[in-house]
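Counting convention: from 1, in listed order, for ligands and their atoms alike. Index from 1, following the sequence. Model, not experiment: these values are computed from the prediction. Because only heavy atoms are used, hydrogens play no part in the values below, and waters and symmetry mates are left out as well, while side chains stay in.
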Amino acid sequence: MNQGIYDLLLQGVFGSAAALFLILMFISAPYGKQERAGWGPGVNMRLGWFILELPAFIGMFWFYWQGEHTLSAAPLILFALFQIHYFHRTFIYPYTLRIKPGSSYRIILLVFGMAFNGVNGALNGWFLSEMGTHLYSNAWLVDPRFIVGILLFAAGFFLAKHSDAILGNLRKPGETGYKIPQGGAYRFVSCPNYLGEMLQWTGFAIAGWSLPALAFVCFTAANLIPKALSSHRWYREKFNDYPSNRKAVIPFLL
Ligand SMILES: NC(=O)c1ccc[n+]([C@@H]2O[C@H](COP(=O)([O-])OP(=O)(O)OC[C@H]3O[C@@H](n4cnc5c(N)ncnc54)[C@H](OP(=O)(O)O)[C@@H]3O)[C@@H](O)[C@H]2O)c1
């Protein structure tokens with residue numbers, strides 16, 4: 001990838017994160033609890049998740065292996081963490097969902113999400129094995145940024161997976177409605193899966209000291225903070241007995 005394209009795509013991700021945040025604060029993305037008519041055709045939900053996430057996995061794979069420093073330890077570890085996440089999201093997560101009848105993944109969301117995921121995988125892969133390699137000597141493995149970043153990634157990963165698993169088990173086979181999630185970090189916030197996802201990518205950005213990863217954090221927060229706020233409002237309106245001390249996404253704050 002040449003420098004001009006890299007710079008343009010990177011600026012595009014930062015810019016689209018800012019635009020997305022402004023839009024989503026006023027118009028909630030039409031899926032899940034906010035699903036509604038008027039957003040065009042959709043595809044099967046499992047297929048939707050699969051084709052949405054696949055470009056991130058492929059983009060990272062392809063661009064990482066185009067770089068010149070693919071076998072250095074630190075980039076290889078970061079590559080592996082990114083790919084473990086996206087392998088799970090693409091090939092496993094869609095099959096764990098208990099999908100309500102009639103639910104579909106809107107094509108308009110898919111097109112936008114696939115474009116972002118492809119660009120995000122490509123930029124992060126290229127940074128790790130080519131653009132950022134001046135950082136990644138073996139000394140980087142004991143740099144506090146790398147160690148703290150990896151620990152934060154791991155904490156966010158387990159929070160997200162644990163919280164997604166609680167949600168995934170709320171519906172018993174054959175059930176289609178919504179319940180109040182309990183336990184784990186749901187004691188503090190309505191959307192700990194989103195909190196985990198944001199912590200995970202913040203850890204990844206710190207561990208790689210990488211601008212494309214920072215752009216990814218901004219995009220993720222721009223997407224998930226408005227979504228958490230609208231889901232939190234939705235829970236409070238739907239359930240009279242919804243725990244009043246629970247926040248939306250940041251314990252005790254937001
Ligand atoms: N990096 C990013 O920008 C980004 C963007 C979006 C999502 N994600 C990640 O992708 C994962 C899924 O996101 P999502 O927005 O689809 O999550 P979600 O709205 O919390 O839903 C996840 C699954 O749980 C079900 N569910 C949610 N609340 C429920 C309840 N109260 N009772 C019963 N079932 C419930 C949903 O069913 P319904 O579909 O029927 O609501 C869906 O199958 C999360 O880990 C999130 O962090 C990341």
Side-chain angles (χ1 to χ4, degrees), residues 13 16-17 20-21 24 28-36 42 44-46 48-50 52-53 55-57 82 85-86 88-90 92-106 109-110 112-117 119-121 124 153 156-186 189-202 204-205 213 215-239 241-243 246 248-249:
V13 176
S16 51
L20 186 70
F21 183 75
L24 292 182
S28 58
Y31 75 93
K33 300 179 188 75
Q34 289 79 23
E35 189 159 21
R36 55 200 184 275
N44 171 284
M45 203 71 180
R46 280 187 228 289
W49 272 104
F50 173 76
L52 172 72
E53 306 290 12
F57 187 79
F82 189 97
H85 171 90
Y86 275 104
H88 177 269
R89 242 320 123 62
T90 308
I92 298 172
Y93 180 71
Y95 298 96
T96 67
L97 298 172
R98 298 209 170 125
I99 294 168
K100 58 181 189 253
S103 198
S104 65
Y105 216 114
R106 304 287 172 174
L109 295 183
L110 267 184
F112 185 66
M114 287 171 73
F116 167 74
N117 276 332
V119 167
N120 187 45
N124 276 287
F153 180 95
F157 185 87
F158 286 110
L159 175 60
K161 293 292 162 282
H162 183 243
S163 308
D164 274 338
I166 290 177
L167 275 191
N169 287 320
L170 283 176
R171 289 179 185 148
K172 301 301 163 219
E175 288 182 344
T176 55
Y178 288 100
K179 301 176 186 176
I180 301 178
Q182 305 285 1
Y186 288 98
V189 289
S190 296
C191 302
N193 49 345
Y194 297 167
L195 174 63
E197 183 101 12
M198 290 189 283
L199 289 177
Q200 182 184 331
W201 296 120
T202 303
F204 184 82
F216 182 21
V217 173
C218 293
F219 193 92
T220 300
N223 205 350
L224 295 183
I225 289 176
K227 179 84 181 161
L229 293 173
S230 65
S231 290
H232 185 62
R233 268 195 310 274
W234 181 94
Y235 275 124
R236 290 169 73 123
E237 283 162 15
K238 182 162 175 76
F239 298 106
D241 54 344
Y242 197 69
R246 207 177 273 191
V249 65

| note | Here the atoms of ligand 1 under 4.0 Å from any heavy atom belonging to Lys100 are 38 (P), 40 (O), 41 (O)

| message | Between ligand 1 and Tyr235, can you find any atom pair, the residue atom being a heavy atom, that is separated by under 4.0 Å? | response | yes

| field | ligand 1 atoms in contact with Lys179 (distance to a heavy atom under 4.0 Å) | value | 30 (C), 31 (N), 32 (N)

| field | Element-labelled atoms of ligand 1 that are located less than 4.0 Å from some non-hydrogen atom of Gly177 | value | 33 (C)

| Got an N/O contact under 3.5 Å between Ser103 and ligand 1? | no

| Judging by distance only, is a nitrogen or oxygen of Tyr178 under 3.5 angstrom from one on ligand 1? | yes

| How about Trp49 and Tyr31: are their ring centroids closer than 6.0 Å? | no

| said: Which residues pass the salt bridge (Lys or Arg N to Asp or Glu O under 4.0 Å) test with Arg246, not counting sequence neighbours? | reply: none

| query | Mind checking whether Phe116 and Phe112 have ring centres under 6.0 Å apart? | reply | no

| Residue part near ligand 1, for Glu35, under 4.0 Å between non-hydrogen atoms | neither

| field | Pair Arg89 + Asp164: basic N to acidic O under 4.0 Å | value | yes

| Can Gly196 be said to touch ligand 1, with heavy atoms closer than 4.0 Å? | no

| task | Between Leu97 and ligand 1, find which residue part has any heavy-atom pair under 4.0 Å and reply side chain, backbone, both or neither. | result | side chain

| Looking only at heavy atoms, is any part of Leu224 under 4.0 Å from ligand 1, and if so is it the side chain, the backbone, or both, or is it neither? | side chain

| field | Exam field: side chain Ser231 to backbone Lys227, donor-acceptor pair closer than 3.5 Å | value | yes

| message | When you measure from the heavy atoms of Tyr31 to every atom of ligand 1, does any distance fall below 4.0 Å? | response | yes

| said: Taking a cutoff of less than 4.0 Å between a non-hydrogen atom of the residue and any ligand atom, is Trp49 in contact with ligand 1? | reply: yes

| said: Show the atoms of ligand 1 that are less than 4.0 angstrom away from any heavy atom in Lys33. | reply: 27 (C), 28 (N), 41 (O)

| said: Measuring from atom 1 (N) of ligand 1, which candidate in Lys161, Arg89, Glu197 has the nearest non-hydrogen atom? | reply: Glu197

| query | Is a side-chain N or O of Arg106 found less than 3.5 angstrom from the main chain of Gly42, in a donor-acceptor match? | reply | no

| said: For Glu175, is there an ion pair with Lys100 - N to carboxylate O distance below 4.0 angstrom? | reply: no

| field | Heavy-atom side-chain contact between Phe219 and Phe21 under 4.5 Å | value | no

| query | So do His85 and Glu197 actually touch side chain to side chain, heavy atoms under 4.5 Å? | reply | yes

| query | Is there a side-chain contact between Glu53 and Phe57, using heavy atoms and a 4.5 Å cut-off? | reply | no

| Sub-3.5 Å N/O-N/O distance, Tyr194 and ligand 1 | yes

| query | Any idea which atoms of ligand 1 are less than 4.0 Å away from a heavy-atom of Gly32? | reply | 39 (O), 41 (O)

